[in-house]
Amino acid sequence: MTQLLLLLACLIALGHATASISESDSNLSDPTVPTACQQACSELSSTFGPAFHWPHNDNFTIWDAKQQEAHPACRVEPSSAQDVASILDILVGHWCYFSVKGGGHSRNPEDSNSVGGVTVDLNRLSSVEVLLGGTKARIGGGATTLQVYRALEAHNLSFVGGRVGSVGMGGFTLGGGTSPFSNKYGWSLDNVYEYEAVLANGTITNASESHNSDLYFALRGGGNNFAIITAFTVRTFSQSPVFTSTTTYAANQSEQVLDRVYDLYTDKILTSDKEMGYDLYYTYSSESDRFILSGTQRYGKPIQNPSVFQAIDRIPTLSRSTNIGPMSQVVDGNEEMGTTRHLFATLTVAPSRSFLSQGLRVFEQEVEAIKTVAGLIPNFICYPLQRNALAAMKQRGGNALGIDQDEPLFLVLISTAWSNSTDDAAVNRMTANIIQRLSVAANDLGVASQYKYINYASAAQASTVFDGYGDENVHRLKIIQKAVDPHGVFTSQGLWHGFMKLL
């Protein structure tokens with residue numbers, strides 16, 4: 001009996017070993033995977049055990065369908081900065097391509113899911129630790145907006161987080177981070193006291209206003225060009241439930257609505273109410289075959305129908321929904337992951353009432369040409385970069401964005417969702433046409449701005465997105481990049497090709 005049990009145990013162990021070898025061999029024989037990455041994955045597999053995943057047995061989903069379709073050689077989930085350093089040592093040692101996933105809300109393969117390389121998934125780095133009596137928090141680089149809001153609300157606190165719960169802390173903050181709280185506290189990048197960063201050579205360092213100040217400056221807007229950020233120490237503040245209202249309007253009310261929206265964006269008395277925010281949406285609905293103008297009112301206190309919205313509230317609506325609740329409830333949408341394709345593109349303009357009207361007409365005309373695209377949901381979205389947020393950009397040595405003015409700007413996002421890869425070209429063409437025509441309109445009206453919000457930029461805008469930062473800032477960023485990454489690991493010619501590259 002003892003011999004029989006021993007024989008069975010050996011057979012089971014041999015079966016496990018054979019399965020493991022077969023599993024890895026099937027990936028390592030994939031001709032689309034570079035030899036360097038085959039070797040890196042083998043080393044990562046032996047080092048990280050259950051935190052390592054071969055693609056054919058990996059239960060991995062990511063927001064955008066184009067990224068979901070990407071096929072990495074393998075995926076690894078670090079649990080600490082030390083793990084990230086070890087992973088980088090292996091990847092750089094083998095010179096294997098990689099991508100880093102925080103929340104995974106980018107739109108292109110290689111942004112946060114690698115094609116044939118290694119996907120470094122920071123989802124285990126999602127802890128939230130409240131510090132210094134609730135004035136700061138240390139947040140893991142892989143945390144999502146929803147996770148942070150929930151963790152802080154347990155202490156009646158909040159932070160300068162995003163509008164969508166699945167957005168990751170990393171990309172959101174490194175590119176800027178516009179927030180419902182920005183009119184009061186500024187953008188996310190201006191509310192970070194310290195970054196924990198893993199450099200390309202595996203060094204773990206911290207960057208703040210008083211330590212590694214050049215790197216600190218670069219990380220405030222420079223994107224993924226310098227390091228992998230494993231933790232952010234951010235400002236926190238006491239926060240009660242917030243008021244949110246969503247309204248829709250008939251077509252014959254559009255110009256009247258735009259009048260009041262322009263006031264909310266520019267009037268010094270209205271914008272001096274730092275609790276106030278308003279997002280404008282113009283959306284094509286394939287179900288009703290019509291364009292719908294809508295707005296989202298936000299107010300940072302639990303006040304029903306705040307007086308700052310009094311004028312726009314007088315306009316008759318098609319529908320209105322209101323809510324007072326915590327931010328975690330506001331951002332907790334039910335997004336289906338990995339099934340819908342997305343494209344963002346952006347431009348920025350100085351305030352112009354005429355531009356708003358022209359923008360909606362241009363959007364209508366270009367969408368009409370492709371409205372038979374399956375699953376098409378295009379949006380023209382606009383909200384301001386407010387005076388208070390602009391003032392915050394001058395704190396702690398300033399950020400890298402190069403925005404040096406006191407008067408507000410309008411951020412425009414063309415955001416489109418659709419279903420099938422066969423329609424990619426049509427959506428890309430529509431989006432490019434809209435941006436080109438809006439840029440012409442802005443120039444004609446004398447309100448054009450070079451600044452483009454990097455987190456909303458399309459891949460087609462990648463070559464120009466840093467132009468808006470200004471020559472001086474771009475020169476400084478390039479010097480910092482070469483100092484912290486002399487071998488160019490984070491450049492377009494290095495190992496992480498995704499997102500917007502400085503070099």
Side-chain angles (χ1 to χ4, degrees), residues 62-67 69-70 97-117 167-168 170-178 189 218-229 341-349 381 399-403 411-416 424-425 427-439 442 448-471 473-478 480-482 485 488-503:
I62 200 166
W63 178 64
D64 180 76
K66 300 187 297 306
Q67 286 217 86
E69 293 163 3
Y97 300 123
F98 66 92
S99 297
V100 180
K101 172 190 163 289
H105 235 260
S106 298
R107 281 78 59 194
N108 304 296
E110 300 287 11
D111 283 357
S112 41
N113 196 22
S114 183
V115 178
V167 167
F172 170 76
T173 302
L174 292 173
T178 71
L189 80 171
L219 294 175
R220 294 174 67 185
N224 69 337
N225 290 283
F226 304 93
I228 298 175
I229 308 305
R341 312 175 83 77
H342 301 272
L343 178 63
F344 287 3
T346 190
L347 79 160
T348 305
V349 298
I381 303 169
N399 62 43
L401 301 182
I403 303 173
L411 300 183
V412 176
L413 165 63
I414 307 301
S415 169
T416 303
D424 288 1
V427 174
N428 276 283
R429 184 171 58 253
M430 176 204 76
T431 303
N433 288 346
I434 292 172
I435 293 297
Q436 191 273 333
R437 292 181 64 187
L438 292 181
S439 297
S449 169
Q450 267 204 301
Y451 175 70
K452 299 181 185 75
Y453 180 33
I454 193 171
N455 288 351
Y456 288 168
S458 67
Q461 296 178 303
S463 62
T464 61
V465 73
F466 282 107
D467 292 347
Y469 285 35
D471 292 344
N473 278 3
V474 170
H475 179 67
R476 183 179 176 187
L477 288 172
K478 288 179 178 179
I480 297 167
Q481 202 282 330
K482 289 177 181 177
D485 180 16
V489 170
F490 292 103
T491 69
S492 60
Q493 301 303 308
L495 299 182
W496 186 5
H497 302 154
F499 206 55
M500 304 294 160
K501 288 303 173 186
L502 182 66
L503 294 168

Do [X] and [Y] come within less than 4.5 Å of each other through their side chains, counting heavy atoms only?
X	Y	result
Y456	V412	no
I434	M430	yes
I62	S112	yes
V489	F98	yes
L174	F499	no
I435	Q461	yes
L401	Y469	yes
F344	L413	yes

Where the side chain of [X] meets the backbone of [Y], is there a donor-acceptor pair that is under 3.5 Å apart?
X	Y	result
D111	N108	yes
N225	L502	yes
T348	Y451	yes

Distance-minimising heavy-atom pair for T431 and A345:
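For T431 and A345, the tightest heavy-atom pair comes out as CG2-CB, 3.4 Å.
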Which heavy-atom pair separates G498 from N224 by the least distance, and what is that distance?
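Here G498 and N224 meet closest at O-ND2, 3.1 Å.
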Can you sort out the partners of A448 under side chain to side chain contact (heavy atoms under 4.5 Å, CB included), two or more places apart, ordered by chain and number?
A442, N443
Go through the structure and list residues passing side chain to side chain contact (heavy atoms under 4.5 Å, CB included) with A70, not counting sequence neighbours.
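Expected list: P109, N113, V115.
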Does a sphere of radius 6.0 Å around OH in Y97 hold more than 12 heavy atoms from other residues, nucleotides or ligands, not counting ones at 6.0 Å or beyond?
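Counting other residues, nucleotides and ligands, OH of Y97 stays at 12 neighbours or fewer.
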Among all residues two or more places apart in sequence or in another chain, which pass the salt bridge (charged side-chain N to carboxylate O under 4.0 Å, His left out) test with [X]?
X	answer
K101	D121
D64	K66
D424	R341

Derivation and outcome, side-chain contact (heavy atoms from CB on, under 4.5 Å), residues L477 and F226
CA-CA 9 Å; L477 288 172; F226 304 93; 3.9 Å; yes
Sorted by first residue and then second, give each salt bridge (Lys or Arg N to Asp or Glu O under 4.0 Å) pair with at least one member in residues 488-503; sequence neighbours left out.
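Sorted result for residues 488-503: empty, none.
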